[in-house]
K.L.:
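Pasting a structure here, questions to come.
In what follows, chains carry the letters A, B, and so on, assigned in the order in which the sequence lines appear, proteins first and then strands, with residues in each chain numbered from 1.
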2 protein chains.
Amino acid sequence: MVRPDRKRPVTSVDVAAAAGVSQATVARCFTTPEVVAPDTRLKIEAAADRLGYVPNAIARSLKSQRTNIVGAVVPAVGEYWQNVVTYFSRRLTARGRQLLLFSFLDHAEVNETLEAVMQYRLDGLILASANIAETQLARMRQTGLSLVAFNHPDAAGIVPSVTVDNEAGASELARHLAGLGCTRVLYLGGVAAASTDRARFRGAARTLASTGATCNYMEAGAFTYDAGYRAADTVVNLDRLPDAIMVGSDEVAFGMLDGLRRRGLTAPADVLVTGFDGLPQASWAGYDLTTLVQPADQLAEHAVELASGDGSDSSDAPPPSVVVAGTLRRGLTTRKGDAGRARPGSYSRRNCGTEPSAGR
Amino acid sequence: MVRPDRKRPVTSVDVAAAAGVSQATVARCFTTPEVVAPDTRLKIEAAADRLGYVPNAIARSLKSQRTNIVGAVVPAVGEYWQNVVTYFSRRLTARGRQLLLFSFLDHAEVNETLEAVMQYRLDGLILASANIAETQLARMRQTGLSLVAFNHPDAAGIVPSVTVDNEAGASELARHLAGLGCTRVLYLGGVAAASTDRARFRGAARTLASTGATCNYMEAGAFTYDAGYRAADTVVNLDRLPDAIMVGSDEVAFGMLDGLRRRGLTAPADVLVTGFDGLPQASWAGYDLTTLVQPADQLAEHAVELASGDGSDSSDAPPPSVVVAGTLRRGLTTRKGDAGRARPGSYSRRNCGTEPSAGR
DNA sequence: CGATCTTATGTATACGTATTCATCGTTGCA
DNA sequence: TGCAACGATGAATACGTATACATAAGATCG
């Protein structure tokens, strides 16, 4: 193995010298191999291999004005988002793109860090559930980068957007509950200000109203396990329990289930419970939650497709807005037949001194 | 607002022309503002603002030979890794670095895609639980990028490495169990070939042996919920139940708990159960698992520190290898006092037709 | 007040690649 | 045989910035 001097990285010029050709031919060999003669190609490849040459994507990007990098701005917390990031990464890799990730705790951080991210001349940027200043949005579009709003229904029309059909999904869950005879439903949202939250409640309320059922709204305060766990206390103290609790997200629903159980109530025996998102854990035996499964892989694929910027963005065309339907998952938490059959040896939560808390 | 011609992005040259200075001064204004006169600085800043100038990090990287980007190669599945990625991102952002993420499903993908990643001349690369070919490791070090092996004890000595003290952690869990009087312990590993798995078992077996307890090893086959769930069937069919089951990871432990419950066994009543990792869900009331909490934030910080490559890597110094101690979390699953007090209204899992399955 | 030092800025170049244009040798066809 | 067309390659340049070097103007000091 040749010792590449350790200080100076080997460039296409070095390879050219070693192979006895010009730098241009070396470049062609790595971008459009078909235009270079087979025997010279072999010579070049041999030399490149011997020297340990790795093309410099930075220089390439500078010249070609494309980085092949797509950014994603994603909330730092929440099981849902962690899953989505994985799908982003996989889909992008499949397309030969790289993922530059920025996960934020607070919405305030976003506009700050976006400045730094913009310097990298990304090909596209996926904004997941982030509130971006309109002025910044405009500036970003002018740079020719492909923006995509993910799970941010409000953005549709302004920016290309990809989202599950929140309203129809909640409607489907509501119909499921109505079919089970529920007439008094409580909707437990995460954050009332979130557009997804509102859309889901709208779908639920509309459908339930059409069946003559009532649907009150209650806010957990966050899309977290803890928020659901605490909300259970409020629910238990109501004058009268609802027939069903529609929870705005799976993670909050898990907290609700555990919170109810702590107070001696279980689903589906005492009250039916549904979630929204279709997290892997919803299928875990410990919860087995009825929920609306988001086709996360499809959603990610659409987002990546739009963000990869293959389509020319003629700015006067209306931005494409993809809405994908979710699918209902019927779990134990709305299975009336199983109601209330407690069993000895069941998991007990009594006399447990410490209050559990999510996070670390 | 000035219309920047929409085609040609504005460069430092444009700003220089607009401000009546040279390009060099503009560059200085954004890298070393203190060396430029206050009044010219204001002129330049005004011009930059007016034109909507954004420095080009690609060009900067080409010139300065530093990208300020750190890569992370992380398994695509597993709650643990999803958490870790979030910490990486946050810590890097705090240091003014960007995170280029690559998440892999199969170890075979890694060596493939690493080639592509290497082209981006990252400042550092965090390899999480990935098996990299030795030859490639060597080549990567030569490029001057700071490699860090995360949670990959075997790598210590070859490459700078950051990991929790697996052996000591398992030992602590074992001591905890021994203190509760356990003499027959079953260790349920995920994948026996994984170095973390072996280290944890070693710690458990050693400590238990010293107390006269037995510790058999069993392999779940994967670090997943499903694997734990299925392993529960095997455990239940043993001639005699062990006193405790030490599970190699929290996620597998969740599956084990739910699997046991399905067969009518619960922790801590029928058998004690411990996990490893300290996932947020371990604190959820539904599991309340005794486990060893990895200080994920600290680990991430160390990894980011090493990968940021601030320290000069004089190649003859032994690579630093950081080992951080975890902390024991005592949950309900090893709380003997609560043993077997079942309660009416508890969550029932009987007569549940469908088999739950993790993943989607 | 001239010499030296300091400060602020301009000039010029390099980073590593992609691509346009020109060149040159070959082949095909009339 | 002559000319056009073609295929393969080399020479040159541009991408946008950072920085070493040069230079000019004040500032300092004897």
Side-chain angles (χ1 to χ4, degrees), chain A residues 4-5 7-45 47-48 51-68 116 118-123 143-144, chain B residues 4-5 7-45 47-48 51-68 116 118-123 143-144:
Chain A
D5 223 352
K7 283 299 120 197
R8 259 223 343 186
V10 26
T11 75
S12 60
V13 179
D14 302 327
V15 176
V21 298
S22 75
Q23 180 269 332
T25 306
V26 175
R28 278 189 276 260
C29 197
F30 282 84
T31 53
T32 50
E34 62 276 8
V35 304
V36 47
D39 51 339
T40 40
R41 174 153 34 147
L42 286 178
K43 268 196 308 185
I44 293 174
E45 277 166 356
L51 297 178
Y53 169 67
V54 177
N56 187 324
I58 300 297
R60 190 212 321 275
S61 299
L62 180 60
K63 180 66 183 150
S64 66
Q65 306 287 61
R66 303 193 76 247
T67 52
N68 268 359
M118 289 300 301
Q119 303 191 353
Y120 283 90
R121 301 295 193 266
L122 308 176
D123 292 349
T143 67
Chain B
D5 222 351
K7 283 299 120 194
R8 261 222 340 188
V10 25
T11 74
S12 62
V13 178
D14 301 328
V15 176
V21 297
S22 74
Q23 179 268 333
T25 307
V26 176
R28 280 189 274 259
C29 196
F30 283 84
T31 51
T32 50
E34 62 276 9
V35 304
V36 49
D39 50 341
T40 40
R41 176 156 30 151
L42 286 178
K43 269 196 307 184
I44 293 175
E45 277 166 357
L51 297 178
Y53 169 68
V54 177
N56 188 326
I58 300 297
R60 190 213 318 278
S61 299
L62 180 59
K63 180 66 182 149
S64 66
Q65 307 287 57
R66 301 194 77 249
T67 53
N68 268 0
M118 288 301 301
Q119 303 192 354
Y120 283 91
R121 300 295 191 267
L122 309 176
D123 291 351
T143 68

K.L.:
For residues A:V13 and A:Q23, report the shortest heavy-atom separation together with the two atoms involved.
P.N.:
CG2-CG, 4.0 Å
K.L.:
Measure from CD on A:E34 to P on D:dA8 and round the result to the nearest Å.
P.N.:
10 Å
K.L.:
Which of residues 54-63 of chain B sit near DNA chain C, with a heavy atom under 4.0 Å from it?
P.N.:
B:L62, B:K63
K.L.:
Would you indicate what A:V36 reaches in the nucleic acid, counting non-hydrogen atoms under 4.0 angstrom: base, sugar-phosphate, or nothing?
P.N.:
sugar-phosphate
K.L.:
In this structure, how many angstroms lie between the C1' atom of D:dA14 and the CG atom of B:D14, rounded?
P.N.:
15 Å
K.L.:
If I compare all heavy atoms of B:L51 with all of B:A18, which pair ends up nearest, and what's the gap?
P.N.:
CD1-CB, 3.9 Å
K.L.:
Kindly write out the residues that satisfy side-chain contact (heavy atoms from CB on, under 4.5 Å) with A:L62, not counting sequence neighbours, or none if the list is empty.
P.N.:
B:I58, B:A59, B:L62
K.L.:
Is there a residue in residues 15-25 of chain B whose heavy atoms reach under 4.0 Å of DNA chain D, and which residues are they?
P.N.:
B:Q23, B:A24
K.L.:
What's the angle between the local helix axes at either end of the helix from C:dC1-D:dG30 to C:dA30-D:dT1, using five pairs per end and rounding to 10 degrees?
P.N.:
40°
K.L.:
Do any side-chain atoms of residues 24-45 of chain A form donor-acceptor pairs under 3.5 angstrom with protein atoms, and if so which ones, sequence neighbours left out?
P.N.:
residue : atom : partner : partner atom : Å
A:T25   : OG1  : A:S22   : OG           : 3.3
A:T31   : OG1  : A:A27   : O            : 3.1
A:T40   : OG1  : A:A37   : O            : 2.7

K.L.:
With a 4.0 Å cutoff (strictly under), does any side-chain N or O of B:S64 reach OP1 or OP2 of D:dA18?
P.N.:
no
K.L.:
Could you pick out which residue, B:R121 or B:R41, lies toward the 5' side of DNA chain C when each is mapped onto its nearest nucleotide?
P.N.:
B:R41
K.L.:
Rounding to a whole Å, what distance do you find between A:Y120:OH and D:dT17:P?
P.N.:
14 Å
K.L.:
Please list, chain by chain and in numerical order, all residues satisfying side-chain hydrogen bond (donor to acceptor under 3.5 Å, both in side chains) with A:N68, sequence neighbours excluded.
P.N.:
A:R66
K.L.:
What is the separation between atom CG on A:L42 and atom C1' on D:dA8, rounded to the nearest whole Å?
P.N.:
15 Å
K.L.:
Does A:T67 have any side-chain hydrogen bond (donor to acceptor under 3.5 Å, both in side chains) partners at least two apart in sequence or in another chain, and if so, which?
P.N.:
A:D123
K.L.:
Name the first nucleotide and the last nucleotide along DNA chain C (5' to 3') that come under 4.0 Å of a heavy atom in chain A.
P.N.:
C:dG16 to C:dT20
K.L.:
Rounded to the Å, how far apart are B:N68 CG and D:dT17 P?
P.N.:
16 Å
K.L.:
We want to know whether B:Q65 and B:R121 form a side-chain donor-acceptor pair, criterion being a heavy-atom distance below 3.5 angstrom.
P.N.:
no
K.L.:
Not counting sequence neighbours, list each pair that qualifies as a salt bridge (charged side-chain N to carboxylate O under 4.0 Å, His left out) and has a residue in residues 10-21 of chain B.
P.N.:
B:R8-B:D14
